[in-house]
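Structure first, then comments.
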Amino acid sequence: MDYDFAIIGGGSAGYAAARTAAGLGLKTIVIEGGREVGGLCILRGCMPSKTLIESANRYLTLRRAEEFGLKAEGISFNAEQIIARKRRLIGEFADYRREQLETGKFEFLRGTATFVDAHTVEVTKMEGGKTTLTAKSFLLATGSENSSPDIPGIAEAKCLTSDDILDLEKIPASVIVLGAGPVALELAHYMEALGTKVTVIQRSEHFLRGVDPDVADVVETAFRERGMEVYTSTKLLRVDPGVVVFEKDGQEIRVEAKAILNGLGRKPRVSKLNLDAACVRMRGAFIETNNRQQTSTGHIFAAGDCCGPFEVVHVAITQGEVAAQNAASLLKGEEAAKEMDYRLKLYAVFTEPQVAVVGMTEEEAKEKKIDYLAASYPFNDHGKSLVMGETHGFVKLLADRETREIIGGAVVGPHASDLIHEVVVAMQFHATASQFAAIPHYHPTLSEIWTYPAEDLA
């Protein structure tokens with residue numbers, strides 16, 4: 001074989017796996033077929049969206065100046081400069097990742113890989129020509145791409161995607177956002193903050209599938225208070241240029257806007273891999289893996305958005321590292337024993353207010369028939385959040401009823417994505433509610449709000 005470990009995809013999961021595998025002494029190659037190098041997070045996901053949202057958040061602060069006894073008259077923004085800042089920062093991030101890939105202790109090949117058999121891929125090289133290489137083990141880390149659901153007219157309506165919004169130098173006066181997942185809601189927040197009239201149309205009953213309804217409802221209420229139109233529990237009937245027709249409560253409703261954002265999700269990027277040739281099974285649209293990141297073909301692993309179950313960067317990185325460690329074990333004739341642990345699964349949405357969740361939700365605890373206790377405390381009764389003028393939302397803790405060990409936490413409100421890490425640390429060390437409540441917290445801070453539900457549970 002040419003290599004011990006061949007990685008298809010040079011994003012966050014692929015790079016983490018390559019670094020780990022090379023450190024374990026495996027002869028490793030990374031094959032990256034994208035026009036740009038860096039992966040979804042750097043190029044079209046976390047980093048560019050948060051760069052734009054940072055501009056939006058600061059503009060919202062200016063809009064609220066009078067509330068704090070300040071004057072900010074005649075405020076405006078320059079979308080071209082916002083995008084230029086984003087491009088500069090993302091260019092720097094991508095350059096650093098490319099340098100890491102090009103100078104790592106592994107080979108780096110630009111091209112698109114397709115399986116010939118379970119140990120062989122044909123690579124169409126970016127500079128032209130093809131080459132064939134073999135490997136004892138593989139990692140599939142090809143990420144995801146925008147998907148378009150089967151709705152009449154949506155293909156012809158030329159909807160914007162999240163990729164388009166991240167490079168939009170002219171912000172539309174009005175936009176219809178299809179979907180209410182993290183990406184859709186973050187971009188709705190961004191555009192509304194800059195003055196766009198936003199309409200959100202969600203097919204299910206609540207925003208943010210997989211989050212407890214009481215948490216998601218806070219974001220929906222805040223969006224409505226900001227002047228956004230929100231429709232949930234809908235059935236999309238058709239999409240025309242600038243027009244969406246849907247059904248709600250038995251009535252047909254027609255909404256018009258200057259632009260439509262298709263925020264109805266992404267799908268794994270696997271179509272060019274020819275997985276049948278390697279006997280790799282799918283689980284719906286995703287590559288099927290076990291908790292050791294092995295596919296149905298044991299020496300072929302998968303990590304990141306192409307396999308799930310949680311399409312977030314820190315999970316993808318850990319999956320890549322686990323896959324590399326297990327590949328190394330297999331090559332030594334040992335069992336692939338390293339397993340993923342999703343007990344501390346972490347989720348954050350950078351809307352206004354923010355949302356963050358770790359561990360179990362109440363819905364999950366009920367499904368698993370876990371006997372639990374829950375306690376919450378609102379930001380509108382908390383000193384520091386009142387001073388900040390950030391009163392939407394609450395924090396919530398879940399604990400096992402018998403042991404009082406913390407099994408989950410949620411926060412919807414100011415700086416939620418930072419605040420959640422107190423609970424992550426507590427859960428990492430299997431802390432009980434009483435142990436968590438005993439930790440000193442400075443006053444007045446946002447962080448001390450956790451002590452109230454912790455004391456209740458204790």
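Residues: numbered from 1 along the sequence shown. Since this is a predicted model, take the numbers as computed values, not measurements.
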Any donor-acceptor pair under 3.5 Å from Thr196 side chain to Pro172 backbone: yes
Pair Asn146, Asn262: side-chain N/O donor-acceptor within cut-off below 3.5 Å: no
Side-chain donor or acceptor of Ser147 paired with backbone N/O of Gly265 under 3.5 Å: yes
Check: Val215 main-chain N/O paired with Asp212 side-chain donor or acceptor under 3.5 Å: no
Backbone of Thr134 reached by a side-chain donor or acceptor of Asp2 within 3.5 Å: yes
N-O pairing of Lys368 and Glu364 below 4.0 Å: no
Side-chain (Arg224) to main-chain (Val219) donor-acceptor, under 3.5 angstrom: no
OG on Ser162 to CD on Glu186, rounded to 0.5 Å: 10.5 Å
Shortest non-hydrogen contact from Ile287 toward Ala302: CG2-CB, 4.0 Å
Donor-acceptor pair, side chain of Arg292 and main chain of Ala336, under 3.5 angstrom: yes
Within the 6.0 Å centroid threshold, strictly below: Phe310 and Tyr342: yes
Salt-bridge criterion met for Asp305 and Arg269 (N-O under 4.0 Å): no
Phe301 and Phe5 aromatic ring geometry - parallel, tilted or perpendicular at 30°/60° bounds: perpendicular
Ala135 backbone acceptor or donor facing His119 side chain under 3.5 Å: yes
Backbone N/O of Ala16 and side chain of Thr20: donor-acceptor pair under 3.5 Å: yes
Residue among Arg283, Arg281, Gln294 satisfying side chain to side chain donor-acceptor pair (under 3.5 Å) with Glu288: Arg281
Check: Asp4 side chain, Lys27 main-chain N or O, donor-acceptor pair, under 3.5 Å: yes
Residues Arg226, Glu352: salt bridge by 4.0 Å N-O rule: no
Evaluation steps, side chain to side chain donor-acceptor pair (under 3.5 Å), between Glu205 and Ser233: CA-CA 5 Å; Glu205 186 178 355; Ser233 302; 5.4 Å; no
Between CE on residue Met427 and CD on residue Glu422, distance to nearest 0.5 Å: 14.0 Å
Tyr3-Phe106 aromatic ring centre distance below 6.0 Å: no
Whether Phe436 and Trp450 hold their rings parallel, tilted or perpendicular, with breakpoints at 30° and 60°: tilted
Donor-acceptor pair, side chain of His206 and main chain of Glu220, under 3.5 angstrom: no
Salt bridge (charged side-chain N to carboxylate O under 4.0 Å, His left out) contacts in which one or both residues fall within residues 126-135, not counting sequence neighbours: Glu122-Lys130
Carboxylate-amine/guanidinium proximity below 4.0 Å for Arg19 and Glu321: yes
